[in-house]
Structure formats: structure tokens, C-alpha cells
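So the structure is just underneath, and the comments pick up after that.
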Amino acid sequence: MTDNAGFSPLARMPAIDPRALMTFRVVCETGSISAAARMLNLSQPSVSNTIALLERRLGVALFERRRGGIVLTREGEVLRRPAEAMARLLSDAVSDVEHARHHIAGPLRIGGTPGALLTLLPGAIMRVEQAVGDFALSAIERSDEQLLDMLRKGEIELAFVTTRILNVPSDMVEVTCARDPFALIVGPRHADLGERVSLRDVEHYPWVLPEARGAFRRQVDALFIAAGVSVPRTTIRSDSLLTTRAIVRETDRVTVLPRTVALDGASDGSIRAIAIQEAVFDRSVGVLRLADRRLSPLAEAMLRGLPEVP
């Protein structure tokens with residue numbers, strides 16, 4: 001859009017000094033001008049002047065100065081995100097150049113929930129290695145809400161999650177890559193159970209169930225609702241797959257997990273999967289990404305290395 005003189009209003013917007021933006025970020029991080037000055041090895045008046053010039057340049061107040069320190073204004077909160085993005089960009093640039101010097105693609109930063117990562121990531125890594133050769137990857141486990149926030153902040157490019165359970169946020173794209181049936185997972189102390197059970201028959205057992213209130217927990221809770229029974233009260237809550245499987249293997253507690261996830265690496269028969277009568281739906285896993293953000297070549301290769309389930 002242009003004005004009557006043919007100039008775009010954006011062209012008259014003030015440019016921001018990147019150094020001032022980085023100083024602003026450190027003030028946000030430390031919570032005070034004096035602490036930021038110490039971290040930056042600058043004088044306090046120098047940091048104060050930099051922030052004052054930035055505020056005059058933008059025509060807004062970025063902080064409210066209070067006794068206990070500073071509090072970001074609404075405009076300051078808005079500016080904080082691009083300041084953090086620039087800091088990550090500068091840090092990534094050094095890492096990217098170093099990897100390129102050694103002919104290593106990446107690094108690619110992804111996140112996911114434990115089960116989704118376990119189901120999808122190993123195979124994807126093998127296919128990416130075949131396509132691009134050596135590459136660097138960082139993978140972290142987080143809850144669904146945290147993963148959405150990290151995608152929006154640019155801290156990760158892809159999130160491996162449970163899919164087809166919630167409305168996809170308007171700024172995200174979801175791709176389902178695999179399905180896995182839910183099963184009752186038991187250890188040696190439940191050798192008497194057959195190959196198929198109803199949750200009504202085992203609701204009085206001691207349980208291990210997920211803690212985080214994300215998509216996976218909602219699917220597990222839906223199984224009990226479908227069976228017409230309450231979620232067990234005698235429950236240990238754990239989001240660690242390793243811990244959950246160890247508890248089931250060594251005690252008389254049982255759990256509900258996707259069959260493939262539960263039995264991965266358990267070839268000694270110490271745990272087994274029993275079909276659940278009420279499990280009329282499978283757990284779906286896949287990838288979330290921001291709709292309007294261009295992916296790096298390595299993230300694109302990772303997506304191509306994943307199957308897509310219609």
C-alpha cells in the first residue's frame with residue numbers, strides 16, 4: 001500500500017540498530033539495566049542510553065521502571081520476540097558455518113513428545129542420511145503446548161506429536177505419518193490374562209498412566225470413557241516411556257501404550273501387549289510445522305524421509 005505521493009508507509013519506518021536490539025534482549029533476560037551492564041561488560045549509563053535511544057527511535061516506551069526492576073510494556077513484549085530470534089540467528093550462523101566447513105548439513109533442531117519421536121525419528125534419520133550424508137540434529141522432548149510455543153519462536157523447525165485429535169492451529173500444518181493401535185501393557189505377573197481384554201475387567205488393577213495433559217493423555221482417557229469406567233485412582237503418573245515400561249516389567253502395575261512404542265526393544269518377553277476391546281481408534285503420530293515459515297533444506301529432507309498416512 002502506498003500514500004498519495006507514491007511512498008510506502010513501511011519505507012518511512014525507523015530502522016533498528018541490531019546492537020541496540022541485542023542490548024534490549026539482555027536487559028529483558030537479566031531483569032535490570034545494572035545486571036545487563038554487568039553481563040555486557042558495559043557501564044550502566046551506556047546501557048541506559050542505548051535503551052533510551054531505541055525507545056525514541058521507535059516512539060514507544062519498552063519498559064516500566066519500578067522499584068523491583070523493570071517490567072516490559074506491551075510494545076516491549078512484542079519487540080522481545082524478534083530480539084530473541086536475532087540472538088538465535090547469530091548463534092546459529094556461527095554453528096552453520098562451522099558445520100558447512102566440515103561438510104555436515106544442519107544443524108536441524110526438532111522437538112517432540114516421547115512416543116512420537118520414538119515411532120518416527122529413527123527411520124527418518126536413516127532416510128535423511130541416505131539422502132544428504134552427514135548431518136547434525138538436536139532433538140528434545142517437550143509437552144504439546146511447549147512444542148507449539150517453540151515452533152512459533154523459531155526454536156525448532158518440526159514438532160513430532162500425536163495428530164488427528166485437536167483442531168490444528170491456523171498458523172500450523174499437520175501431517176500424519178503413522179498409526180499404532182493402543183494395547184494393555186503388562187509384565188510377567190499378569191501371565192493369566194488372555195490376548196484380549198476389556199478395560200472394565202482390569203480397572204481395579206494398579207496402573208501407570210501419562211501425566212502431561214496433552215493429546216496422548218486425552219486419547220488414553222478416551223479409552224476408559226469408551227469402556228464406561230473411570231480413569232483409575234490407584235495410578236502412578238509418568239511421562240517417561242523408559243520409566244513406565246520398567247515399572248510394568250518389575251511390578252504388578254499395568255499401562256496403556258501404543259503397541260509398537262511399548263514393545264520397542266523388548267524382545268525378551270518381559271512385557272507383552274494385550275488387545276483392548278474398547279480400542280476402536282489408533283493413535284496417530286506425525287509432524288507439525290509453521291505454515292508460513294520456510295523450512296531449511298535439512299528440515300525439508302526430514303519431511304521427505306517420513307511416510308504420509310491418508
Side-chain angles (χ1 to χ4, degrees), residues 111-124 139 141-144 147 159-166 176-227 229-287 309:
T113 54
L117 285 170
L118 189 151
T119 300
L120 297 176
L121 190 55
E141 294 182 359
R142 293 291 187 273
S143 67
D144 293 281
L147 291 169
F160 289 65
V161 296
T162 300
T163 60
R164 298 186 177 183
I165 192 167
L166 294 175
T176 296
C177 303
R179 293 196 184 103
D180 195 6
F182 283 99
L184 181 73
I185 310 302
V186 303
R189 302 189 187 192
H190 294 292
D192 57 315
L193 289 174
E195 296 303 312
R196 186 177 182 85
V197 298
S198 167
L199 290 179
R200 291 188 298 272
D201 299 330
V202 294
E203 64 173 315
H204 61 284
Y205 283 29
W207 287 80
V208 189
L209 292 172
E211 168 65 25
R213 295 185 178 277
F216 178 64
R217 177 165 173 174
R218 284 189 288 273
Q219 284 192 323
V220 171
D221 289 350
L223 290 172
F224 287 94
I225 293 171
V229 299
S230 300
V231 176
R233 294 181 179 179
T234 54
T235 297
I236 293 174
R237 293 286 182 180
S238 171
D239 289 325
S240 166
L241 289 173
L242 288 175
T243 300
T244 297
R245 293 195 303 185
I247 292 172
V248 168
R249 185 174 60 246
E250 303 297 335
T251 73
D252 61 350
R253 290 185 178 269
V254 300
T255 191
V256 170
L257 286 173
R259 179 182 291 268
T260 302
V261 169
L263 298 183
D264 180 73
S267 58
D268 59 355
S270 57
I271 58 174
R272 64 187 178 106
I274 299 174
I276 298 173
Q277 182 176 312
E278 292 80 15
V280 294
F281 56 87
D282 291 342
R283 171 238 195 191
S284 299
V285 291
V287 177
V309 175

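Atom set for the values below is all heavy atoms of this structure, side chains included, hydrogens, waters and symmetry mates excluded.
- Residues Val161 and Ala116 approach most closely at N-CB, 3.6 Å, considering heavy atoms.
- Considering OG of Ser198 and CG of Leu184, their distance stands at 10.5 Å, rounded to 0.5 Å.
- In this structure, Ile274 and Val186 have side chains that are in contact, with non-hydrogen atoms separated by less than 4.5 Å.
- Atom CG of Leu147 and atom CD of Glu141 lie 10.0 Å apart (nearest 0.5 Å).
- Across every non-hydrogen atom of Ala183 and Ala273, the tightest pair is CB-CB, 3.8 Å.
- You'll find the side chain of Leu209 reaches within 4.5 Å of the side chain of Pro232, heavy atoms only.
- Note: Phe182 and Phe281 have perpendicular aromatic rings, judged against thresholds of 30 and 60 degrees for the angle between ring planes.
- You'll find the side chain of Leu193 reaches within 4.5 Å of the side chain of Tyr205, heavy atoms only.
- For residues 199-211, every residue pair satisfying the salt bridge (charged side-chain N to carboxylate O under 4.0 Å, His left out) rule, not counting sequence neighbours, is listed here: Arg200-Glu278.
- The salt bridge (charged side-chain N to carboxylate O under 4.0 Å, His left out) analysis of residues 187-199, with sequence neighbours excluded, yields the pairs Glu195-Arg272.
- In this structure, CG in Asp282 is found 11.5 Å from OG1 in Thr176, a value given to the nearest 0.5 Å.
- Nearest heavy atoms, Leu120 versus Ala178: CD2-CB, 3.9 Å.
- For the residue pair Thr119 and Arg283, a side-chain donor N or O sits within less than 3.5 Å of a side-chain acceptor on the partner.
- By the 4.5 Å heavy-atom criterion applied to side chains, Thr244 and Ile236 are not counted as neighbours.
- Expressed to the nearest 0.5 Å, how far CG of Asp239 lies from OG1 of Thr113 amounts to 9.5 Å.
- A heavy-atom distance below 4.5 Å is not found between the side chains of Phe160 and Val285.
- Looking only at distances, no side-chain donor or acceptor of Thr235 sits under 3.5 Å from a matching main-chain atom of Arg237.
- Between Asp144 and Gly214, the shortest heavy-atom contact is OD2-CA, 3.3 Å.
- Arg245 CZ to Leu263 CG: the interatomic distance, rounded to the nearest 0.5 Å, is 8.0 Å.
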Let me check something: any side-chain donor-acceptor pairs from residues 248-261 under 3.5 Å, sequence neighbours excluded? List them with distances.
{"unit_1": "Thr251", "atom_1": "OG1", "unit_2": "Ile247", "atom_2": "O", "d": "2.6"}
{"unit_1": "Thr251", "atom_1": "OG1", "unit_2": "Arg253", "atom_2": "N", "d": "3.1"}
{"unit_1": "Arg253", "atom_1": "NH1", "unit_2": "Trp207", "atom_2": "O", "d": "2.8"}
{"unit_1": "Arg253", "atom_1": "NH1", "unit_2": "Thr234", "atom_2": "O", "d": "3.2"}
{"unit_1": "Thr255", "atom_1": "OG1", "unit_2": "Val208", "atom_2": "O", "d": "2.5"}
{"unit_1": "Thr260", "atom_1": "OG1", "unit_2": "Asp180", "atom_2": "OD1", "d": "3.0"}
{"unit_1": "Thr260", "atom_1": "OG1", "unit_2": "Asp180", "atom_2": "OD2", "d": "3.3"}

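- Closest heavy-atom contact between Ser284 and Gln219: N-NE2, 4.4 Å.
- Residue Leu241 holds its CG atom at 9.5 Å from CG of Asp264, rounded to the nearest 0.5 Å.
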